[in-house]
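Just below is one structure, and these are the notes that go with it.
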Number of protein chains: 2
Amino acid sequence: MSENNPDSPPTPHAATSPSPPTEKKIPKAVIKRLSLYSRVLQNLEIMDREKVSSRELAARLGLNSAQVRKDLAYFGQFGVPGLGYYVSDLRQNIKRILGTDRAIRLALVGVGNLGTALLSYAGFARQGFHIAVAFDCDRRKIGSTKGNVRIYDAADLARIVRQEEIDIGILAVPADHAQAVCESLIGAGINAILNFVPAHLSVPDSVHVHYVDLSIEIESLSYYLR
Amino acid sequence: MSENNPDSPPTPHAATSPSPPTEKKIPKAVIKRLSLYSRVLQNLEIMDREKVSSRELAARLGLNSAQVRKDLAYFGQFGVPGLGYYVSDLRQNIKRILGTDRAIRLALVGVGNLGTALLSYAGFARQGFHIAVAFDCDRRKIGSTKGNVRIYDAADLARIVRQEEIDIGILAVPADHAQAVCESLIGAGINAILNFVPAHLSVPDSVHVHYVDLSIEIESLSYYLR
DNA sequence: TAGATTGTTAATCGATTAACAATC
DNA sequence: TAGATTGTTAATCGATTAACAATC
């Protein structure tokens, strides 16, 4: 989103459409909250709750009820005036909107310290996220498996990512490889990346990157001590 | 920040001052970017760069240069018109502002799957973040050490957190314990928490919580597939 | 000095919240 | 029906960006 400012000259983006004919652009923050609603709804379902109001949904997440209603209204009319939302119904709708009504296939690139931890982290599978393959460029790791996941040569990334129909790439390589690996992933058709590398990635607008950086988070938190 | 809306009745917060006599409130996003600047400056220092402009700093992070200048200007005048910023000088200033010019002491609560991964994650130490102690309530873990960190009984949390002068708490317990543990930490004087638990925490305004939730991130990313 | 870049103000943009008619 | 809660518009709030005088 740094295009067309006085810092970078107006880019003659051949690839980018002048203005996508989308009805209304949905803020990223809305999508993130959708996932939060989904989780709360899952809990409510376990508690056998049939209905829920925007007010309660908001309270359970520390949000404003108008925001909840507005977020949901981006995607259709899911509620019943005077009653609220039907828990299971709304949950299914949200999962469909997010595309998590099927298993999501992940590829991990970089099986170092952090990568290994991610492979053994059970939390993913429970939510329907499946690390299908891993990549590294260390001879000693290639061909082996870790946490039931086979480790392939990073040189074969593009081919295997296509073959295995990977949805999302997880980046956990050394910082100086991040941009290159990122480009390989994009070249292989990936346009959603979870980036654990403490480095800024340059990607086309069509590619979505989420940064996870614990050091930055801790550093930010230290500002608030005492 | 959910106070004073029609959802929650105006809370008669005895403890909260009506409006802190702070000069200007600094947005959380600014603090987060400060940490990013700090990292880029570290890299520039390694490259033996003496000076840097807001333009370059911005470009390296995909931001706007006016934003960089404005962020820094919250805290003083660090730049030289016509020249830019002195790399080492600015970096030191930012570290001082963030409070990371000394080692930060962390306490991990919950030594399960994820907690163990965090203990063995080397990335922290490098940045001056030190997990000083860990807590669990499993008899078999209490008293042992993992990754050089001693695991204490969660029942002794308050006492040890004070004794060890912990700055930040890391929450990695089962979801149904999160709120209670969070309150113990706050009771022990902690007001900065890194929360890995997929649950909303209710905390006073004075306490800062950062949520790290990989499942939510992946779920959000799946929205953008194709 | 001329050129460059800061710090800062004003303009723009986007997101959150309040309010309320419509509706069950 | 009366009470409750939605969907949505308008008002508010906050954050980003452009522009430029001041300054090295």
Side-chain angles (χ1 to χ4, degrees), chain A residues 1-10 19 22-34 36-37 44 49-87 89-90 93-94, chain B residues 1-10 19 22-34 36-37 44 49-87 89-90 93-94:
Chain A
M1 317 283 117
S2 65
E3 305 302 287
N4 276 7
N5 67 31
D7 294 331
S8 40
S19 120
T22 321
E23 286 93 14
K24 46 192 166 183
K25 217 199 57 186
I26 291 154
K28 280 199 170 191
V30 171
I31 300 300
K32 198 149 290 177
R33 286 195 295 268
L34 234 44
L36 293 172
Y37 303 151
L44 289 170
R49 286 279 306 275
E50 197 201 357
K51 293 173 298 206
V52 67
S53 67
S54 60
R55 194 175 198 278
E56 178 177 355
L57 227 32
R60 285 182 180 273
L61 289 164
L63 303 173
N64 177 292
S65 69
Q67 186 169 51
V68 172
R69 294 195 295 279
K70 198 160 199 267
D71 285 352
L72 296 174
Y74 273 105
F75 304 94
Q77 306 212 153
F78 302 116
V80 184
L83 273 187
Y85 301 86
Y86 285 94
V87 172
D89 176 62
L90 181 57
N93 271 297
I94 292 180
Chain B
M1 318 287 119
S2 65
E3 305 302 286
N4 277 7
N5 68 32
D7 294 333
S8 41
S19 117
T22 321
E23 287 92 15
K24 46 192 167 181
K25 217 199 57 188
I26 291 155
K28 280 198 170 192
V30 170
I31 301 300
K32 197 149 292 176
R33 285 194 296 267
L34 234 45
L36 293 171
Y37 303 150
L44 289 170
R49 286 279 305 274
E50 197 201 356
K51 292 173 299 207
V52 67
S53 67
S54 59
R55 196 176 198 278
E56 179 177 355
L57 227 32
R60 287 183 179 272
L61 288 164
L63 303 173
N64 177 292
S65 69
Q67 186 168 52
V68 171
R69 294 195 296 279
K70 198 161 199 265
D71 285 352
L72 296 175
Y74 273 105
F75 304 95
Q77 306 213 153
F78 302 115
V80 184
L83 274 186
Y85 302 86
Y86 285 93
V87 172
D89 176 64
L90 182 57
N93 271 297
I94 292 180

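Every chain is numbered from 1 and lettered A, B, ... according to where its sequence line falls, protein lines coming before strand lines. The figures that follow rest on heavy atoms only: side chains count, while hydrogens, waters and symmetry mates do not.
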Determine whether [X] and [Y] make a side-chain contact, defined as any pair of heavy atoms from C-beta on separated by less than 4.5 Å.
X	Y	value
A:V52	A:Y86	no
B:V68	B:L61	no
A:L57	A:L44	yes
A:N93	A:D89	yes

Requested in this report: Only counting residues at least two apart or in another chain, list the ones meeting side chain to side chain donor-acceptor pair (under 3.5 Å) with A:Y37.
Outcome: A:D71

Query raised in the report: Partners of B:Q67 by side chain to side chain donor-acceptor pair (under 3.5 Å), sequence neighbours excluded?
Result: none

Report task. Output all residues satisfying side-chain contact (heavy atoms from CB on, under 4.5 Å) with B:P27, sequence neighbours left out; order by chain, then residue number. Result -> B:V30, B:Y74

Report task. Give the stems involving DNA chain C, where a stem is 3 or more consecutive Watson-Crick or G-U wobble pairs (i with j, i+1 with j-1, and so on) under 3.5 Å. Result -> C:3-24 with D:3-24

Give me the distances for all protein-to-nucleotides 13-15 of chain D N/O pairs that come in under 3.5 Å?
none

Query raised in the report: Please give, in whole Å, the distance from C:dA19 P to A:N64 CG?
Result: 11 Å

Query raised in the report: B:E56 CD to C:dA4 C1': how many Å, rounded?
Result: 14 Å

Query raised in the report: Can A:E56 and A:K51 be counted as an ion pair, charged N to O under 4.0 angstrom?
Result: no

Query raised in the report: Run the side chain to side chain donor-acceptor pair (under 3.5 Å) check on A:R69 and A:S54 step by step: do they pass?
Result: CA-CA 6 Å; A:R69 294 195 295 279; A:S54 60; 2.9 Å; yes

Query - Separation between CG of A:L72 and CZ of A:R33, rounded to the nearest 0.5 Å - result: 10.0 Å

Report summary line: Per-nucleotide protein contact along nucleotides 6-11 of chain C, 5' to 3', at a 4.0 Å heavy-atom cut-off (B base, S sugar-phosphate only, - neither), is BBBB--

